[in-house]
S.K.: 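Below you'll find the structure I mean.
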Amino acid sequence: MENSLKYFKNLYSKIAANSENHLFNFLNIKYGICSKDYYLKDDLIFNTKEIQEIECFFKDLSSGVPFEYIVNQASFYDSEFFVDERVLIPRPETELIIDYFKSLKTNKNFNIIDAGTGSGCIGISIANLCNQNIVFGVDKYLRSIEIAKINKNKLNANNFKLLVGDWLLPFKKNSIDMVISNPPYITEDDEHLKHLKHEPLTSLVSTDNGLKDINIIIKQSKQVLKKSGKLIIEHGFNQAQDIENILKDYNYRNIFNIKDYQDHQRIIVAEL
Ligand SMILES: C[S@@+](CC[C@H](N)C(=O)[O-])C[C@H]1O[C@@H](n2cnc3c(N)ncnc32)[C@H](O)[C@@H]1O
């Protein structure tokens, strides 16, 4: 029957052999179908509207649209964030920033910036860990700020403040305790870009070997950070040494790196 779960499972196995079970995830998110029903009730019947939606899901998935954009949802640090093609899909390695943040002792009334906030995943996760601090989420693009606002409301992050701006230009000198950023750092000719064509290029690519935006953030952080303020930046797997050199040129201290799940240096931490 062309309206049964069994029929759609068969179709799915043809388009997505060996990949993660996105069909189950889709049906679960859209229609609340639990795993017991998914695995045991092959005769489950869908109505006309649902059939159209499932067919549309197959079409998008076959044409390479990331699952997170199809369902408008991405997991990050135990929360579900709204996402669409206006923002980068949060990545697991970025969660390492939150792990590191949790290991720190922060005082009350800390001012923290999430520079290039996108979906707001970093800033909101941190704001919800320490609700006596203020976390500013800044992004150059209003379209990103619109998504971050949806997530701020969805996840009740009242101490997360959003603003449109060019990196740290909106902030006063010596006013910030911590700058955190996952900026664009991929080079323009990186071969991985062909697999990322649904995500905004403005979230991914930076000139000067992928280091232009990181350079600006390091320079501007020197202005806005208070004495002993911290800078935390996610970067490409082969950029750690270059970034360390830039940080040293600006006299940052206590520089060290955190490795990702593939054992690549991924997050650099420095102090003013
Ligand atoms: C790699 S994405 C990170 C998004 C999100 N923080 C995350 O970790 O998933 C980089 C973000 O920086 C923003 N961005 C790019 N250039 C910027 C600039 N000059 N000033 C502020 N934000 C910028 C992009 O719009 C994008 O949202």
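Along the sequence shown, the residues carry numbers beginning at 1. First listed ligand is number 1; within each ligand, the first listed atom is number 1. Side chains are part of it too, since the values below use all heavy atoms of this structure and drop only hydrogens, waters and symmetry mates.
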S.K.: Report yes or no: does a heavy atom of V87 sit under 4.0 Å from some atom of ligand 1?
M.R.: no
S.K.: Using a heavy-atom cut-off of under 4.0 Å, does the side chain or the backbone of T202 touch ligand 1, or both, or neither?
M.R.: backbone
S.K.: One pair to check against salt bridge (charged side-chain N to carboxylate O under 4.0 Å, His left out): E199 and R91. What are the steps and the verdict?
M.R.: CA-CA 12 Å; E199 295 186 83; R91 301 294 202 272; 2.7 Å; yes
S.K.: At under 4.0 Å between heavy atoms, which part of S203 makes contact with ligand 1: side chain, backbone, both or neither?
M.R.: both
S.K.: Calculate, to the nearest 0.5 Å, the distance between atoms CD and OH belonging to E244 and Y252 respectively.
M.R.: 14.0 Å
S.K.: Suppose I only count heavy atoms of D166 and a 4.0 Å limit; which atoms of ligand 1 are within that range?
M.R.: 18 (C), 19 (N), 20 (N)
S.K.: Just go through G118, G116, G165 and tell me whose heavy atom is the nearest to atom 6 (N) of ligand 1.
M.R.: G116
S.K.: Under 6.0 Å between ring centres, would you say that holds for Y38 and F8?
M.R.: no
S.K.: For residues R143 and T202, is any side-chain donor paired with an opposing acceptor at under 3.5 Å?
M.R.: yes
S.K.: Considering only heavy atoms of C121, which atoms of ligand 1 have at least one such atom less than 4.0 Å away?
M.R.: 7 (C), 8 (O), 9 (O)
S.K.: Mind checking whether W167 and L272 sit in one hydrophobic cluster, side chains of I, L, V, M, F, W, Y counted as touching below 4.5 Å?
M.R.: yes
S.K.: Could you work out, for atom 10 (C) of ligand 1, the closest of V138, L88, N182, V164 by heavy-atom distance?
M.R.: N182
S.K.: When you compare the side chains of E271 and S228, does any donor N or O come within less than 3.5 Å of an acceptor on the partner?
M.R.: no
S.K.: Pairing donors with acceptors under 3.5 angstrom, does anything connect the side chains of D42 and Y7?
M.R.: no
S.K.: For the residue pair Y141 / E146, report whether a side-chain donor-acceptor contact shorter than 3.5 Å exists.
M.R.: no
S.K.: With a heavy-atom distance limit of 4.0 Å, tell me whether P183 approaches ligand 1 through its side chain, its backbone, both, or neither.
M.R.: backbone
S.K.: Looking only at distance, does K140 have an N or O less than 3.5 Å from an N or O of ligand 1?
M.R.: yes
S.K.: Please work out whether any backbone atom (N, CA, C, O) or any side-chain heavy atom from C-beta onward of D139 is under 4.0 Å from ligand 1, and answer side chain, backbone, both or neither.
M.R.: both
S.K.: Out of W167, F76, F81, whose heavy atom is nearest to atom 20 (N) of ligand 1?
M.R.: W167
S.K.: When the ring centroid of Y185 is compared with that of H235, is the distance short of 6.0 Å?
M.R.: no
S.K.: If we set the cut-off at 4.0 Å for heavy atoms, which region of T117 has an atom near ligand 1: side chain, backbone, both, or neither?
M.R.: backbone
S.K.: Output the list of atoms in ligand 1 that are nearer than 4.0 Å to some heavy atom of T94, sorted by atom number.
M.R.: 8 (O)
S.K.: Within the 4.0 Å heavy-atom shell around Y141, which atoms of ligand 1 are there?
M.R.: 25 (O)
